[in-house]
Amino acid sequence: MNKGVYIALLSIGLAQGLKIPIHYVKKGELRPDLFFQTGGMPSSHSAGVSSLTTFIALKRGVPTVDFALSLVYGLIVMYDAQGIRRQTGELTLKVNSLGELVDKIHKDETVKFEEEGPKKLKEMLGHQPAEVLGGALLGVLTGTLGYLLTKKKI
């Protein structure tokens, strides 16, 4: 396996591992299970593709087809992580709420209707833009360090 793959996988693992202490600082609860879940800060998708793109840029150069492919692929992955996947997560939350309401109706429970105002939904499928940016920055750092550590000495 080549060094770019190792660096990208390391970056993904590092991003997943960082979710635990970041969540602990934000919420005050230790959740080791976050290592295996999607969503959250930083985005491991963004970290992986941006570390690979950075490594390729430093190793092969920006005007190469390798870099162009990695950059375009990475941008699509990051767009998807914060766009489509995030919207899917928010839709899933709404569907689950609707399912709970239907279950209550079928059990002949009294259902009190309260109109809820708009609120920020936390989803676990995708990422907020800041989480994607955080992952991208982590990836650039990991890709740069990986390149510097694996560069052959002359």
Side-chain angles (χ1 to χ4, degrees), residues 1-101 116-154:
M1 203 179 304
N2 69 40
K3 294 173 186 172
V5 173
Y6 286 131
I7 291 167
L9 292 175
L10 174 68
S11 185
I12 290 168
L14 187 59
Q16 286 298 111
L18 283 172
K19 291 178 183 187
I20 299 166
I22 289 172
H23 181 81
Y24 182 77
V25 168
K26 284 174 138 181
K27 306 279 185 172
E29 59 183 358
L30 187 60
R31 299 257 325 267
D33 61 304
L34 291 177
F35 186 83
F36 300 102
Q37 292 185 7
T38 60
M41 173 65 114
S43 165
S44 58
H45 293 85
S46 298
V49 295
S50 62
S51 66
L52 181 59
T53 302
T54 301
F55 181 78
I56 290 170
L58 295 171
K59 181 91 171 159
R60 306 271 299 163
V62 172
T64 62
V65 172
D66 301 353
F67 174 77
L69 286 169
S70 184
L71 178 66
V72 170
Y73 171 72
L75 291 173
I76 291 168
V77 168
M78 289 189 282
Y79 175 79
D80 181 60
Q82 70 90 33
I84 297 164
R85 290 180 62 239
R86 181 173 150 226
Q87 293 299 319
T88 302
E90 291 177 6
L91 179 61
T92 300
L93 288 171
K94 292 289 188 184
V95 169
N96 287 342
S97 295
L98 183 60
E100 290 170 10
L101 180 62
E116 294 181 16
K119 63 180 178 179
K120 188 175 181 181
L121 299 173
K122 175 63 179 163
E123 38 69 27
M124 292 304 289
L125 286 176
H127 296 281
Q128 301 292 328
E131 296 169 345
V132 171
L133 180 61
L137 293 174
L138 174 65
V140 169
L141 178 66
T142 306
T144 302
L145 289 174
Y147 170 75
L148 293 174
L149 294 173
T150 61
K151 190 167 82 168
K152 292 182 181 178
K153 309 280 191 249
I154 297 176

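Here, residue 1 is the first one in the sequence, and each next residue gets the next number.
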Side chain Ser11, main chain Ile7, donor-acceptor under 3.5 Å: no
Does a side-chain heavy-atom distance below 4.5 Å link Tyr73 with Val77? yes
Spatial distance of atom OG1 (Thr144) from atom CG (Leu148) [nearest 0.5 Å]: 6.5 Å
What closest approach, in Å, do Met78 and Ala136 show between heavy atoms, and which atom pair accounts for it? SD-CB, 3.9 Å
Quick one: pull up OG1 in Thr150 and CZ in Phe55 and give me the separation to the nearest 0.5 Å. 4.0 Å
Just verifying a value: how many Å separate His23 NE2 and Asp33 CG, rounded to the nearest 0.5 Å? 8.0 Å
About how many Å separate CG of Asp80 and NE2 of His45, when rounded to the nearest 0.5 Å? 7.5 Å
What is the minimum heavy-atom distance between Leu58 and Gly143, and which atoms define it? CD1-O, 4.4 Å
Could you walk me through whether Gln37 and Lys19 pass the side-chain contact (heavy atoms from CB on, under 4.5 Å) check? CA-CA 10 Å; Gln37 292 185 7; Lys19 291 178 183 187; over 6 Å; no
Closest approach of Ser70 and Thr53, non-hydrogen atoms and distance? OG-OG1, 2.7 Å
Spatial distance of atom CG (Leu138) from atom CG (Leu133) [nearest 0.5 Å]: 11.0 Å
Within the side chain of Ser44, is there an N or O that forms a donor-acceptor pair under 3.5 Å with the backbone of Ala15? no
Suppose we screen for side chain to side chain contact (heavy atoms under 4.5 Å, CB included). Which residues come up paired with Lys26, at least two apart in sequence or across chains? Ile22
Out of curiosity, Leu14 CG to Thr142 OG1, how far, rounded to the nearest 0.5 Å? 5.5 Å
Check Ser50 against Gly139 and note the closest heavy-atom contact, atom names and distance. OG-CA, 3.2 Å
What are the two closest heavy atoms between Ala8 and Leu52, and how far apart are they? CB-CB, 4.2 Å
For a quick test of reading the model, state the closest non-hydrogen atom pair linking Val62 to Phe67 and the distance between them. O-CD2, 3.2 Å
